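The structure under discussion appears below in the form of structure tokens.
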Amino acid sequence: MRQIAILCACIGLVSFVGIPAGAAVINVPADHATIQLAVSAATGVDTVVVAAGLYTEDVTVVAGKDGLTIEGANAGIAAGRVPGVRGAESIVDGGFQLSSASVTVDGFQVINGNTSFGAVGAIYMPSPSATDIIKNNIFVGDGSACLYP
């Protein structure tokens, strides 16, 4: 009986150690003051949740963060011709550059575009992935659009 208990304990320990850590949720500004700091700290399976407010920055998602999700305050709420009922916006004055695959950017208002990525655009994808998801965002101002070569 004691041997069975030890065997079960060992199997349980091996099973526990073999489970990878789950995806983290990183909150801006609670956990990191800027979106870029949160994205830099994130792994590819994490979700960065950005509270409503103005963020004057250019956010770069470097290669190796495949599957990263970045959610604004209106994530999941339609924008465009038939918008949903949106609340206060997470406004990015600048833009996003996505250099990883399967990145989701959802629920932001991006104003004024960005020039520091080599092109003016709200979301710039130098190597676009067929699995990137750009949804429920509002682009305002000159140069505010999704761009990819």
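When a residue number appears, it is its place in the shown sequence, counting from 1. The structure displayed is predicted, hence computed values, not measured ones.
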Minimum heavy-atom distance between [X] and [Y], given as atom pair plus value:
X: E89; Y: A73; result: C-CB, 4.5 Å
X: T60; Y: V39; result: O-CG1, 3.8 Å
X: A122; Y: F139; result: CB-CD2, 3.5 Å

### Query
Can you check side-chain contact (heavy atoms from CB on, under 4.5 Å) on F96 and I70, steps first, answer last?
CA-CA 10 Å; F96 294 89; I70 308 170; 4.3 Å; yes
Quick check: does any side chain N or O of [X] sit under 3.5 Å from a backbone N or O of [Y], one acting as donor and the other as acceptor?
X: D66; Y: G44; result: no
X: K65; Y: S40; result: yes
X: N74; Y: N137; result: no
X: S100; Y: G64; result: yes
X: S90; Y: G53; result: no
X: D106; Y: G76; result: yes
X: Q36; Y: E57; result: no

To the nearest 0.5 Å, how far apart are [atom1] in [X] and [atom2] in [Y]?
X: D93; Y: Q109; atom1: CG; atom2: CD; result: 10.0 Å
X: I111; Y: T56; atom1: CD1; atom2: OG1; result: 7.0 Å
X: I138; Y: R86; atom1: CD1; atom2: CZ; result: 4.0 Å

Are [X] and [Y] grouped together when hydrophobic residues (ILVMFWY) are joined by side-chain heavy atoms under 4.5 angstrom apart?
X: V50; Y: I77; result: no
X: V59; Y: V49; result: no
X: L54; Y: V140; result: yes

### Message
List the residues meeting side-chain hydrogen bond (donor to acceptor under 3.5 Å, both in side chains) with D132, not counting sequence neighbours, and say none if there are none.
### Response
none
### Message
Assess the residue pair V105 and V110 against the criterion (side-chain contact (heavy atoms from CB on, under 4.5 Å)); give the C-alpha distance rounded to whole Å, side-chain angles, the decisive distance to 0.1 Å, and a yes or no.
### Response
CA-CA 11 Å; V105 179; V110 184; over 6 Å; no
Kindly list each side-chain donor-acceptor pair under 3.5 angstrom involving residues 26-34, sequence neighbours excluded, with atom names and distances?
unit_1: D31; atom_1: OD2; unit_2: N27; atom_2: N; d: 2.8
unit_1: T34; atom_1: OG1; unit_2: L37; atom_2: N; d: 3.0

### Query
Is a side-chain donor-acceptor pair under 3.5 Å present for Q97 with D58?
no
